[in-house]
Amino acid sequence: MEKINPDWAKDISCRNITIYGYCKKEKEGCPFKHNDNATTTTTITTATNDVSSLLDASEAATPTMASVPKFNAKVSASFTPMTIGSDSLATASTTTSATTSTGGSITVAATSATTVNSMASPVVDNTLPSNNNNSSNISISIPATASSSNYDPFNAPIFTPSSTSSIHTSTNAPSYPFPTMTNSGGININVNDENNSNMSMTNNVPPPMPPPPMENNDLKYPRIYPPPHSLLQYHLYAPEQPPSLKSLLKPNERSADQLFIPNNIREDLTKKNLSTLQIFPSSGKVIPSVVQDYFNLVPLNFNNNDFLNKTTLFKVFSNYDGKPYVLKRLPNIDKSMNPSKISKIYQIWSKVNCTNLIKFRDIFQTTKFGDLSICLIFDYYPNSLSLYDYHFVNFPKFPITMNYLWTYLVQLTNVMNSIHSQNLNIGNTLNWTKVLITGDPGRIKLSHCDFMDSLFNEDVDSVVSSGGSTKERQQQLDYKHLGQLLFNLSINTDNFNNNNTPREYQIDEITLQSIDDMKQIDDKFKDVLKYLLADGDVKKSVHDLTSHFYDKMFMVLESSQTYTEYIESVLSRELENGRLFRLVNKLNCIFGRIESRIDINWSESGTKFPIILFYDYVFHQVDSNGKPIMDLTHVLRCLNKLDAGIQEKLMLVTPDELNCIIISYKELKDLIDSTFRSITQ
Ligand SMILES: Nc1ncnc2c1ncn2[C@@H]1O[C@H](COP(=O)(O)OP(=O)(O)OP(=O)(O)O)[C@@H](O)[C@H]1O
């Protein structure tokens with residue numbers, strides 16, 4: 001070790017004080033200055049090889065945070081391997097093996113020259129004295145208060161997003177289709193706007209909502225939901241290639257878009273997520289903010305222009321399990337309704353489990369809407385459209401083909417079978433506004449059964465009466481309702497080409513002749529319609545019904561399975577994302593922690609130092625001019641090798657290129673795993 005000149009050392013603050021808050025060798029004759037703890041600007045001299053003092057000091061008591069300089073990863077361990085013949089490679093190759101880590105397998109090579117401990121170099125001032133070439137005097141500014149560690153997120157001022165978009169103040173902005181009323185928050189909601197009562201929603205994604213006119217400007221919530229800046233930009237993803245380029249690809253080649261989820265599926269799922277997460281500026285008066293166990297009410301049937309007195313649908317979140325549900329409110333309930341009837345309805349209907357029926361979850365009475373309402377809770381299927389909207393209203397319209405008709409028939413037979421087997425009936429809710437399309441290919445769910453009838457008209461015991469003639473008659477009527485629905489869809493297939501409102505025929509308007517007259521559907525389907533709509537004493541059954549189209553059930557099964565396999569293959573492309581995300585999370589959890597700044601294990605001679613170098617090697621690559629490089633292939637390759645824990649070795653070099661570590665991915669993986677485990681225990 002070089003002898004230290006006490007004359008100049010006495011004016012220089014001891015590095016151990018800076019790093020650890022005290023110096024073990026102070027009483028043993030350490031020549032550096034020790035009585036200057038209060039200063040916030042320190043000078044470190046690195047002209048010595050005093051690594052041992054650094055190590056010794058670490059064995060003592062825990063230093064205080066305030067005296068510890070901030071570790072700056074950016075200036076510590078970023079290295080890009082240079083081309084052969086460059087200076088740095090020459091430096092690296094002339095290194096001599098000096099120390100070995102505790103694991104025994106991590107080789108640290110160090111030059112005879114002394115290095116600055118980058119762990120202890122927070123804010124570099126670059127005020128290097130020009131008269132001393134061998135030593136690096138670096139001025140370090142330590143903030144008087146460690147701002148990051150003192151930050152208290154709970155006491156920080158609340159951020160209230162606000163938008164300056166002119167749309168908020170525009171007097172021409174369309175208003176809500178709700179009754180005019182003023183609430184405590186100053187929201188003025190206007191119902192009588194004819195232009196807006198038919199608010200069209202492509203794929204049922206509500207457009208960004210324009211704000212209601214404000215009475216005062218003190219409102220603290222964002223006025224557009226979702227805020228425009230949070231809408232995803234789909235075009236940022238790999239666009240599909242034109243067919244001409246696609247055909248040039250060899251069988252083993254892939255274009256960028258083929259490596260990811262197809263754009264249409266991603267867009268669809270993203271829109272669904274967006275709808276699920278959408279919130280509404282509830283003031284607590286017009287729409288209550290909490291109803292029983294449910295909160296964040298967002299109206300779903302925007303066309304409802306008698307908001308207070310009609311049945312209303314809301315998307316809600318459950319306070320119990322955090323999932324989204326649909327709350328259907330039946331207003332103005334008779335106060336004399338027996339609560340036991342309500343609970344019986346729940347017991348009966350919640351038992352029905354069928355993939356083609358939206359699950360009924362809960363029922364309760366509430367006065368939160370200003371009257372006595374009954375609320376029914378169902379599963380929520382974002383962006384689902386009724387058959388009517390899907391085929392006749394929404395843009396683009398989907399033409400009704402024979403395949404759609406068979407698919408619908410099979411699925412609706414399935415739901416009818418499930419409901420009848422529980423001794424229940426569907427009722428007249430089996431129509432094209434209550435059957436929802438929830439996905440491809442033509443996946444449908446019945447959204448609602450006749451709860452109203454059960455609640456208001458029937459004796460609740462008749463709802464469960466088994467084999468009773470009333471129930472049987474109602475079940476037989478379900479076949480007619482199914483026939484009516486399918487007939488209405490069939491007869492309006494041509495409606496796709498014109499803009500006429502589709503005509504809805506009542507059961508008694510449908511004749512055998514009108515079925516025969518339909519040119520657009522095949523004879524087999526006509527037979528099914530005739531069976532469903534036939535009058536007479538013959539008792540209809542699901543068994544007899546399916547005998548008319550059992551071969552079509554195979555077709556539906558086939559298309560459903562093919563689609564499932566397609567979706568599985570798409571899913572498998574994204575499989576690695578989760579794995580790599582977990583790995584990146586793991587790395588970020590252990591890297592750059594405040595406590596690691598004072599931990600000797602994370603110092604240049606510590607066992608964890610390879611993690612710092614590896615992190616910079618993966619994410620902070622620079623080119624030979626020091627310019628940052630963004631090479632995702634490099635990142636992916638390194639992370640995959642790390643995850644696999646292969647034996648391949650890599651050389652990690654400190655930014656000053658004076659030290660390097662040769663380590664295998666396997667050793668790195670073990671090191672990262674053990675470090676992660678130690679902080680999660
Ligand atoms: N469970 C659900 N998940 C997602 N969206 C739904 C659900 N139920 C209904 N919707 C959406 O709400 C729209 C309106 O549904 P529905 O016709 O049942 O309500 P409504 O107009 O209040 O009914 P009613 O005719 O009883 O007044 C549907 O077309 C569908 O887009």
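Whatever order the structure lists ligands and atoms in, that order sets their numbers, starting from 1. Nothing here was measured: the structure is a model prediction, and the numbers come from that model.
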Completion exercise
Applying side-chain hydrogen bond (donor to acceptor under 3.5 Å, both in side chains) to E509 and not counting sequence neighbours gives R503
Exercise for the section: May I ask whether K315 places a heavy atom under 4.0 Å from ligand 1? Expected result: no
Problem - Proximity of L436 to ligand 1 by residue part, where a heavy atom lies under 4.0 Å - result: side chain
Could you say whether the N/O atoms of [X] and ligand 1 ever approach to under 3.5 Å?
X: Y381; value: yes
X: S447; value: no
X: K328; value: yes

Practice task
For I358, take its heavy atoms, then give the atoms of ligand 1 lying under 4.0 Å from any of them.
Solution key: 1 (N)
Problem - Y380 neighbourhood, listing ligand 1 atoms whose heavy-atom distance to it stays under 4.0 Å - result: 3 (N), 4 (C)
Handout entry: Option among T366, T311, D371 that satisfies the side-chain hydrogen bond (donor to acceptor under 3.5 Å, both in side chains) test with R329
Key = D371
Exercise for the section: Give a yes or no answer on whether the side chain of Q475 reaches the backbone of L424 with a donor-acceptor pair at less than 3.5 Å. Expected result: yes
Handout entry: Any pair counted as side-chain hydrogen bond (donor to acceptor under 3.5 Å, both in side chains), so long as it reaches residues 556-567, sequence neighbours left out
Key = none
Practice task
Assign the ring pair H548 / Y531 to parallel, tilted or perpendicular, where the plane angle (0 to 90°) is split at 30° and 60°.
Solution key: tilted
Completion exercise
Result for ring-ring contact (aromatic ring centres under 6.0 Å, His included) between W406 and one of Y550, F525, F554 points to F525
Handout entry: Shortest reach to atom 30 (C) of ligand 1 by a heavy atom, considering only S275, S384, P382, P324
Key = S384
Exercise for the section: Give the single entry among L313, V326, T311, I377 that approaches atom 13 (C) of ligand 1 most closely by any heavy atom. Expected result: L313
Problem - Output field: ring centroids Y346/F360 closer than 6.0 Å - result: yes
